[in-house]
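Working notes, structure below.
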Amino acid sequence: MELNNVVVEKENNLAVLFINRPKALNALNSETLSDIGTAARALTEDDDVGVVIITGMGEKAFVAGADIKEMKDMSPLEARRFMIFGQSVFNEISNLPKPTIAAVNGFALGGGCELALSCDMIIASENAKFGLPEVTLGIHPGFGGTQRLPRLIGAAKAKELIFTGQMIDASEASKIGLVNKVVPYENLLDVAKALAHKILKNGQVAIRLVKSAINAGLDTTLEKGLAYEAETQGLAFSTEDKSEGLSAFMEKRKPNFKGR
Ligand code: CAA
């Protein structure tokens, strides 16, 4: 897969998707968004890939936001279309039927913070900076930040970050529950990969089903979420992995999951 602004590297059931536009601090122009969407669809189809890590190329930025130069002269209708496009690409990330880990290696601002929020988990390097600075530009977050940030960290903290546009460092992001873990920059990808490998040891169909149950539950009532959970668990019981996992426990051995 040859894309201008995204590089995908694969190793042992793990894919690392690099946003690769370091000269513009990996800012998301239309082409980069489109490349992310293309890569996400290919990774969805690729049965060899069980976990996807998303990170930024270069030492400075994960993603410094939507491309301000491209947005500068957009009409209201063009801006609306651009937001819907960005949201649709980030929905593809959020709905990817395998776990995603954002490995935030520097600035994650605006659309960059929103990309990280579309992933299942966020690991940040000590030099990472998070923020939704759009109001400092006279606009506001438009690639999902107004919806995903309050769902993750609560409305009051999300409003504080969005209304002030202030940047926070990785340790503050960890305190407010925005990131799962903070690690030294040099260890970032290794730690993300170690987490991925812990996930890859488990039954992959169960992981896919439980991700869909958690995501569906976040958008609905507890009652409907519980009903969905019972359905996905029923499906998990139809897999070979379920027979293998429960037998391995009884036989006091490690399971040999096949992902089916
Ligand atoms: N869009 C386009 N280009 C960007 C960019 C962006 N979001 N962020 C950085 N760049 C470009 C700069 O223009 C600069 O390019 P040139 O060398 O051609 O001038 C290059 O990347 C390096 O950036 P800086 O010189 O600014 O680097 P710095 O170290 O001085 O500052 C920074 C780093 C604090 C991250 C600063 O670049 C910055 O504030 N960037 C913008 C952050 C921002 O406001 N993001 C939100 C965008 S709006 C949005 O995302 C809307 C939405 O929700 C969809």
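These values consider heavy atoms only, across backbone and side chains, with no hydrogens, waters or symmetry-generated copies. Whatever order the structure lists them in is the order used to number ligands and atoms, beginning at 1.
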- Note on the structure: Atoms of ligand 1 under 4.0 Å from any heavy atom of Pro141, numbered from 1 in the order shown, are 53 (O)

- Report yes if some N/O of Glu114 lies less than 3.5 Å from some N/O of ligand 1; otherwise report no. yes

- Item | Derivation and outcome, side chain to side chain contact (heavy atoms under 4.5 Å, CB included), residues Ile214 and Lys211 | CA-CA 5 Å; Ile214 296 168; Lys211 173 169 173 172; 5.9 Å; no

- Tell me which protein heavy atom sits closest to atom 36 (C) of ligand 1, plus the residue, atom name and distance to 0.1 Å. Leu25 CD1, 4.6 Å

- Item | Protein contact for atom 50 (O) of ligand 1 (heavy atom, distance under 4.0 Å) | yes

- Task: Find all atoms of ligand 1 within a distance of less than 4.0 Å from any non-hydrogen atom belonging to Pro133, and give their numbers and elements.
- Result: 43 (C), 44 (O), 45 (N), 46 (C)

- Would Glu78 and Arg81 satisfy salt bridge (charged side-chain N to carboxylate O under 4.0 Å, His left out), going step by step from the backbone distance to the final call? CA-CA 5 Å; Glu78 284 166 344; Arg81 208 176 303 132; 5.6 Å; no

- In the protein, what heavy atom is nearest to atom 4 (C) of ligand 1, and what distance, to one decimal place, separates them? Ala24 O, 3.8 Å

- Item | The single option from Ile53, Val16, Asp120 passing side chain to side chain contact (heavy atoms under 4.5 Å, CB included) against Ile101 | Ile53

- Item | Pair Lys258-Glu240, salt bridge (charged side-chain N to carboxylate O under 4.0 Å, His left out): steps then yes or no | CA-CA 8 Å; Lys258 299 270 170 50; Glu240 279 178 36; 5.5 Å; no

- Got the closest protein heavy atom to atom 20 (C) of ligand 1, with its distance? Lys23 O, 3.5 Å

- Message: Can you tell me which residue among Val179, Thr100, Ile199 is in a side chain to side chain contact (heavy atoms under 4.5 Å, CB included) with Met121?
- Response: Ile199

- Query: For residues Thr32 and Asp35, is any side-chain donor paired with an opposing acceptor at under 3.5 Å?
  - Reply: no

- Query: Is atom 14 (C) of ligand 1 close to the protein, meaning a heavy atom under 4.0 Å from it?
  - Reply: no

- Message: Using a 4.0 Å cutoff against the non-hydrogen atoms of Glu134, which atoms of ligand 1 qualify?
- Response: 48 (S), 49 (C), 50 (O), 51 (C), 52 (C), 53 (O)

- Message: Out of all atoms in ligand 1, which are within 4.0 Å of some heavy atom of Phe143? Include the element for each.
- Response: 53 (O), 54 (C)

- ligand 1 atoms nearer than 4.0 angstrom to some heavy atom of Met71 are 48 (S)

- So the atoms of ligand 1 within less than 4.0 Å of a heavy atom of Asp67 turn out to be 1 (N), 2 (C)

- What do you reckon, does Leu137 have a nitrogen or oxygen under 3.5 Å from a nitrogen or oxygen of ligand 1? no

- Task: State the atoms of ligand 1, each with its element, that fall below the 4.0 Å cut-off from a heavy-atom position in Leu109.
- Result: 35 (C), 42 (C)

- Task: Examine the side chains of Tyr228 and Ser212 and answer whether a donor and an acceptor come within less than 3.5 Å of each other.
- Result: yes

- Item | Nearest non-hydrogen partners of Val51 and Ala196, listed with the distance | CG1-CB, 3.6 Å

- Note on the structure: Closest non-hydrogen contact found for Arg253 with Ser247 is NH2-CB, 4.2 Å

- Task: Take atom 31 (O) of ligand 1 and look for protein heavy atoms under 4.0 Å from it; say yes if you find one, no if not.
- Result: no

- Numbering as shown, the atoms of ligand 1 that approach Lys69 to under 4.0 Å (heavy-atom distance): 13 (O), 15 (O), 16 (P), 18 (O)

- Closest protein heavy atom (residue, atom, distance) for atom 47 (C) of ligand 1: Ala66 O, 3.7 Å

- Apply side chain to side chain contact (heavy atoms under 4.5 Å, CB included) to the pair Asn4 and Asn20, showing each step before the final yes or no. CA-CA 8 Å; Asn4 282 336; Asn20 184 29; over 6 Å; no

- Query: Of the protein's non-hydrogen atoms, which lies at the shortest distance from atom 27 (O) of ligand 1, and what is that distance?
  - Reply: Lys60 NZ, 3.4 Å

- Message: Centre-to-centre under 6.0 Å for Phe143 and Phe82, is that the case here?
- Response: yes

- Message: Tell me if a side-chain donor or acceptor on Lys181 pairs with a main-chain N or O of Ser174 at a distance below 3.5 Å.
- Response: no

- Item | Closest heavy-atom pair and its distance - Arg21, Ala27 | NH1-O, 2.9 Å

- Heavy atom of the protein closest to atom 5 (C) of ligand 1 (residue, atom name, distance): Ala27 CB, 3.9 Å

- Message: For atom 45 (N) of ligand 1, what is the closest protein heavy atom, and at what distance to 0.1 Å?
- Response: Ala64 O, 3.0 Å

- Task: Evaluate the 4.0 Å heavy atom contact test for atom 38 (C) of ligand 1: does a protein atom fall under the cut-off?
- Result: no

- Message: If we only consider heavy atoms of Gly142, is any one of them less than 4.0 Å away from an atom in ligand 1?
- Response: yes

- Task: Could you note down all residue pairs passing salt bridge (Lys or Arg N to Asp or Glu O under 4.0 Å) where residues 52-66 supplies at least one of them, sequence neighbours left out?
- Result: none

- Message: Checking a contact table here: which protein heavy atom is nearest atom 1 (N) of ligand 1, and how many Å away?
- Response: Ile68 N, 2.9 Å

